[in-house]
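Note sheet for the following structure.
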Amino acid sequence: QVQLVESGGGLVQAGGSLRLSCAASGRTLSMYDVGWFRQGPGKEREFVSAISWNGGSTKYADSLKGRFTISKDGAKNTVFLQMNSLNPEDTAVYYCAARSHRFGERGVPDMSSVYGYWGQGTQVTVSS
């Protein structure tokens, strides 16, 4: 099984940037789709972004396009989420999740239910 550990969260002022990391162990991420999700106070978990096993396909929540960028570093077995122009609405616990890629399926999934492996989450707090 693959184990995932998020890091990079913290307190940042509005307008600032953070880069979250999702480090994997136990398995290489070369055959996994990886997604980022977040859950704010009193809110349901929502999709943020995802990247396919080979990095060839990415997907973003419509409201986050242009501010967030997902990427991966195969040598480090890590997926990153670069977050720019942060605002208080971005305050949440951010989770990364992975699932074995299903060849024959199109794109990369955005439904949390299809991701079987989850990290512990990292807190992001944006102050005004």
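This one's a predicted model, so the numbers in the text were calculated from it and none came from an experiment.
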Which class fits the ring pair Y94 and F68: parallel under 30°, tilted 30 to 60°, perpendicular over 60°?
tilted

Backbone N or O of [Y] within a donor-acceptor pair of the [X] side chain at under 3.5 Å?
X: R38; Y: A92; result: no
X: T28; Y: S30; result: yes
X: Y95; Y: G35; result: no
X: T91; Y: T125; result: no
X: T122; Y: G9; result: yes
X: Q39; Y: V93; result: no

For Y115, the ring pair (Phe, Tyr, Trp, His ring centres under 6.0 Å) test, sequence neighbours excluded, returns F37

Beyond-backbone contact of [X] with [Y], side-chain heavy atoms, under 4.5 angstrom:
X: V124; Y: L20; answer: yes
X: L64; Y: V48; answer: yes
X: M111; Y: F47; answer: no
X: I70; Y: F80; answer: no
X: M83; Y: V12; answer: no
X: S49; Y: L81; answer: yes
X: L86; Y: L18; answer: yes
X: L11; Y: S127; answer: yes

Minimum heavy-atom separation for [X] and [Y], please, with both atom names.
X: R67; Y: D90; value: NH1-OD2, 2.9 Å
X: N77; Y: L29; value: OD1-N, 2.8 Å
X: A14; Y: S128; value: CB-CA, 4.3 Å

Is it true that K43 and E89 have a side-chain N and a carboxylate O under 4.0 angstrom from each other?
yes

Item to check | D33 with R102: basic N within carboxylate O range, under 4.0 Å | outcome: no

- Task: Kindly indicate whether a cation-pi arrangement holds for R19 with W36, taking the cut-offs as under 6.0 Å to the six-membered ring centre and within 45° of the axis.
- Result: no

Margin query: For the residue pair R99 and Y32, would you count it as a cation-pi contact if the rule is NZ or CZ under 6.0 angstrom from the ring centre and within 45 degrees of the ring axis?
Written below: no

Rounded to the nearest 0.5 Å, the OG atom of S52 sits from the NZ atom of K59 at a distance of 12.0 Å

Here the gap from C96 atom SG to Q120 atom CD, rounded to the nearest 0.5 Å, amounts to 10.0 Å

With clusters defined by side-chain heavy atoms of hydrophobic residues (ILVMFWY) lying less than 4.5 Å apart, directly or transitively, does W118 cluster with V34?
no

Linked, directly or transitively: V5 and Y117 (ILVMFWY side chains, under 4.5 Å): no

Could you go through the side-chain contact (heavy atoms from CB on, under 4.5 Å) check for H101 and M31 one step at a time? CA-CA 6 Å; H101 179 73; M31 297 298 290; 5.7 Å; no

(message) Pair V79, I51 - check side-chain contact (heavy atoms from CB on, under 4.5 Å), show working.
(response) CA-CA 9 Å; V79 172; I51 188 168; 4.2 Å; yes

Those residues at least two apart in sequence (or on a different chain) that pass side-chain hydrogen bond (donor to acceptor under 3.5 Å, both in side chains) with S17 are N84

Would you say Q123 has more than 12 foreign heavy atoms packed within less than 6.0 Å of its CD?
yes

